[in-house]
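Before any comments, here is the structure.
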Amino acid sequence: MDHHAHVHRWGGLGTWAHGHLTGFRARQAPAGSEIGQTVRKGRVCVTLDLSVVEDFCTTFTTHDDIGTVASLIGALPLKVDYRLEALEASTATIIRWGDGILINQPYYGYECAGQEVLSALSRHGHVAVCAVWGIACLPWAKTSGNMVPWSEAGASMAYFAYAANGRLEVGFDPCEFDRTDPSVRCGWNTGAVDAYLHDLDFSPVTVAGMVGGRNPRPGNLTIYQHTNACVTMLERISGATFPADAARPDSLDAGFTIASPLPAMSTAEFAHFMGPAQN
């Protein structure tokens, strides 16, 4: 499949059960808005809107064996059905997807978005890519002690990171992404994902709609597009449409727990992974 030509075909608004994201459903742009022209060049727009989801943590790797991936990230199969139990932040789902494996942490975990995991999953010719926001941004936060030398390209609200050969090729906050400004990216090869950026818009769009909750009134709505753009990039890299049940796959075998998180990198290891310092 030509990954560069892959078209984003789905999207939705997160739905919740017992306080957790259970899946995604399609949401059309507000009637009369211009977002269809902005995002899809005049087509009827069905966007991925996960801005209401407090936390999102997903990682893709080109490995093809679930057991190998679980071992590399310190995960063990759950002995209970993760779909029925109120589990912990260490819960992860691991499924085959596209040209590799997809890892998701649906219970406010973020271990699988860490630099240690991306390094482990991207060695020996493999690639590892993560898209996160909410608490899952912690490993990449501008205010994180380890991230200080790369704070200009650190996370404020979200993060997208692409790793290969055991190190970060490029990382950036999609909420503050300006493809013309090199300072918003960090890594050893900051142009590594340029081929996947075509036709993507990371900027929020303001449209007319109803605001006010219980007392609705006409007003302006902000449609955040960075989530849609990040998932489209994941699709293009993996060669597959993002699964609508990614947060809670309907498979008993998908449930894992991060039983032995990878040891934190030393300062020197972190610097080698991140690439040339910006500060």
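Keep in mind it's a predicted model, so treat the numbers as computed, not measured. For the numbers below, each heavy atom of this structure counts, side chains included, while hydrogens, waters and symmetry mates do not.
Expressed to the nearest 0.5 Å, how far OG1 of T68 lies from CD1 of I94 amounts to 10.5 Å. Between atom CD of residue E88 and atom CD1 of residue I258 there is a gap of 12.0 Å, rounded to the nearest 0.5 Å.
The side chain to side chain donor-acceptor pair (under 3.5 Å) test applied to S251 returns no partner, not counting sequence neighbours. Among residues two or more places apart in sequence or in another chain, the salt bridge (charged side-chain N to carboxylate O under 4.0 Å, His left out) test is passed with D81 by R83.
Taking hydrophobic clusters as Ile, Leu, Val, Met, Phe, Trp and Tyr residues chained together by side-chain heavy-atom distances below 4.5 Å, I101 shares a cluster with V117. L102 and I73 sit in two unconnected hydrophobic clusters of ILVMFWY residues. Membership requires side-chain heavy atoms under 4.5 Å apart, directly or through other members. A continuous path of Ile, Leu, Val, Met, Phe, Trp and Tyr side chains, each step under 4.5 Å between heavy atoms, connects L121 with L262, placing both in one hydrophobic cluster.
Taking the charged nitrogens against the carboxylate oxygens, D194 and R185 do have a contact shorter than 4.0 Å, which makes a salt bridge.
Ring planes of F273 and W140: tilted class, angle from 30 to 60°. Between F242 and F56, the angle of the ring planes lies from 30° to 60°, which puts this pair in the tilted group.
Among residues at least two apart or in separate chains, salt bridge (charged side-chain N to carboxylate O under 4.0 Å, His left out) pairs with a member in residues 140-151 are K142-E176.
Between the side chains of S119 and R123, at least one donor N or O lies within less than 3.5 Å of an accepting N or O.
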